[in-house]
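Predicted model, so just to flag it, every value in this text is computed and none were measured. Atom set for the values below is all heavy atoms of this structure, side chains included, hydrogens, waters and symmetry mates excluded.
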Amino acid sequence: MSIRIMMVDDHPVVRAGLRALLEADEGIEVVAEASSGDEAMRSLNLLAQTPESVPDLVLMDLNLGDGIGGIETTRQLRARYPAVQVLAVTTFDAEADIVGALEAGATGYVLKDSPTEALIAAVGEAAAGRSILSPEVQQRLVARMTNPATALSPRETEILEALATGATNREVAKALFISESTVKTHLVHLYDKLGVDSRTSALRVARERRLIR
């Protein structure tokens with residue numbers, strides 16, 4: 001039986017190229033495409049009306065432009081359709097993206113520039129419910145595990161990402177529904193983990209370590 005695939009990516013050219021690559025393999029059938037998280041959920045709801053049409057695996061980009069992102073789409077999809085696996089296929093290897101996608105329920109995480117053979121193999125593994133990670137992603141997770149004292153918490157990552165937009169402490173606090181003093185406390189911990197003493201240095205080091213985009 002063929003592996004039924006849905007592709008979720010906001011770039012038509014990328015979807016066309018990926019579709020051609022996948023359908024060159026006789027064991028893969030692309031049953032649907034979506035350009036956004038909302039469209040993906042609508043398509044799945046329609047496909048679910050005919051159980052044999054439901055995809056085995058969704059290839060999920062993380063940066064989907066407007067609307068809900070790939071990580072939140074993955075979370076909603078896995079909650080509603082637990083039998084459908086998700087493989088994150090993206091250009092981003094930031095730690096926050098990797099951890100976020102896996103915590104949301106993605107079975108695997110591979111980069112778009114992976115060799116064709118590696119991508120096809122990843123599709124097979126993920127469709128079977130087996131975890132699969134690109135070598136670069138594995139290295140990043142191993143580094144996180146071997147240096148837990150310097151690993152950022154989800155909240156610290158959120159604060160860093162907010163600071164990267166140029167937001168002030170007060171604006172960060174308002175956006176995250178926490179107090180300004182809590183933001184300052186997190187910053188103290190962030191600076192210590194990153195070995196810096198300013199937000200500019202923190203953002204530079206975080207980007208160098210690919211903790212944020």
Side-chain angles (χ1 to χ4, degrees), residues 8-11 14 37 59-75 86-115 118-119 122 126 131-213:
V8 184
D9 194 298
D10 62 340
H11 291 92
V14 172
L59 303 188
M60 183 74 67
D61 190 16
L62 298 187
N63 187 10
L64 296 177
D66 296 334
I68 60 175
I71 291 175
E72 180 57 28
T73 303
T74 297
R75 184 175 291 109
V86 175
L87 177 63
V89 182
T90 182
T91 57
F92 302 111
D93 62 349
E95 185 176 300
D97 289 321
I98 297 168
V99 174
L102 296 179
E103 288 182 342
T107 306
Y109 195 113
V110 298
L111 302 182
K112 286 183 178 178
D113 60 0
S114 298
L119 182 57
S131 179
I132 182 72
L133 303 171
S134 287
E136 302 90 338
V137 173
Q138 291 182 38
Q139 292 173 7
R140 204 160 298 288
L141 290 181
V142 168
R144 178 185 175 89
M145 293 173 62
T146 54
N147 296 285
T150 61
L152 302 185
S153 69
R155 177 63 84 189
E156 289 167 346
T157 300
E158 284 182 326
I159 289 174
L160 263 182
E161 290 175 336
L163 292 178
T165 67
T168 64
N169 287 356
R170 180 172 296 180
E171 290 168 338
V172 172
K174 184 177 180 180
L176 299 181
F177 302 101
I178 56 179
S179 68
E180 192 171 349
S181 62
T182 299
V183 172
K184 292 178 180 178
T185 299
H186 280 303
L187 286 176
V188 170
H189 295 154
L190 270 170
Y191 292 171
D192 183 55
K193 289 181 177 182
L194 299 177
V196 300
D197 58 7
S198 70
R199 68 173 59 201
T200 300
S201 296
L203 290 172
R204 175 180 56 78
V205 172
R207 288 192 175 107
E208 288 174 351
R209 289 174 50 185
R210 296 189 183 179
L211 300 176
I212 61 174
R213 295 179 192 172

Exercise for review: Dump the intermediate steps for side-chain contact (heavy atoms from CB on, under 4.5 Å) on Leu111 and Glu136, then the final yes or no.
Suggested key: CA-CA 9 Å; Leu111 302 182; Glu136 302 90 338; 4.0 Å; yes
Exercise for review: Could you go through the side-chain contact (heavy atoms from CB on, under 4.5 Å) check for Leu163 and Leu187 one step at a time?
Suggested key: CA-CA 10 Å; Leu163 292 178; Leu187 286 176; 3.5 Å; yes
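Defined by atom type and a distance below 3.5 Å, a donor-acceptor pair is present between the side-chain atoms of Ser179 and Ser181. With 3.5 Å as the limit, one finds no donor-acceptor pair spanning the side chains of Thr182 and Thr185.
With contacts defined as side-chain heavy-atom distances shorter than 4.5 Å, the pair Leu87/Thr107 does not qualify. With contacts defined as side-chain heavy-atom distances shorter than 4.5 Å, the pair Val8/Leu59 does not qualify. Side-chain contact between Met60 and Val89 is absent, with no heavy-atom pair separated by less than 4.5 Å. Contact check for Thr91 versus Asp61: no side-chain heavy atoms found under the 4.5 Å cut-off.
Within a 6.0 Å radius of CZ in Arg170, no more than 12 heavy atoms belonging to other residues, nucleotides or ligands are found. Annotation for Lys112: atom NZ counts as buried by contact number, over 12 foreign heavy atoms lying within 6.0 Å.
Thr165 contributes a side-chain N or O that, together with a main-chain N or O of Ala162, makes up a donor-acceptor pair within less than 3.5 Å. Panel note: side chain Thr74, backbone Gly70; a donor-acceptor pair is recorded below 3.5 Å. The closest donor-acceptor contact from the side chain of Tyr109 to the backbone of Val99 lies at 3.5 Å or more, if one exists at all. Between the side chain of Ser134 and the backbone N or O of Val137, no donor-acceptor pair lies under 3.5 Å. In this structure, the side chain of Glu156 does not engage the main chain of Leu190 through any donor-acceptor pair within 3.5 Å. Of the possible polar contacts, one joining the Glu171 side chain to the Thr168 backbone as a donor-acceptor pair under 3.5 Å is found.
Nearest heavy atom pair, residue Ile212 against residue Ala164, reads CD1-CB, 4.3 Å. Gly69 and Thr73 make their closest contact through O-OG1, 2.7 Å (heavy atoms, listed as atom of the first residue, atom of the second, distance). In terms of heavy atoms, His11 sits closest to Asp9 at N-OD1, 2.9 Å. Heavy-atom minimum distance, Leu160 versus Leu203: O-CD2, 3.5 Å. For the pair Arg155 and Ile178, the tightest heavy-atom approach, listed with the atom from each and the gap, is NH2-CG2, 4.0 Å. Ala104 approaches Ile71 most closely through the heavy-atom pair CB-O, 3.5 Å.
One finds a salt bridge joining Glu72 and Arg75 here, because a Lys/Arg side-chain nitrogen approaches an Asp/Glu carboxylate oxygen to under 4.0 Å.
The structure places CG of Leu194 at 10.0 Å from OG of Ser201, a figure rounded to the nearest 0.5 Å. Taken from OG in Ser198 to CZ in Arg204, the straight-line distance is 8.0 Å, to the nearest 0.5 Å. Annotation: the span from Asn169 atom CG to His186 atom NE2 amounts to 12.0 Å, rounded to 0.5 Å. Note that the CD1 atom of Ile98 and the CG atom of Leu62 stand 9.5 Å from one another [nearest 0.5 Å].
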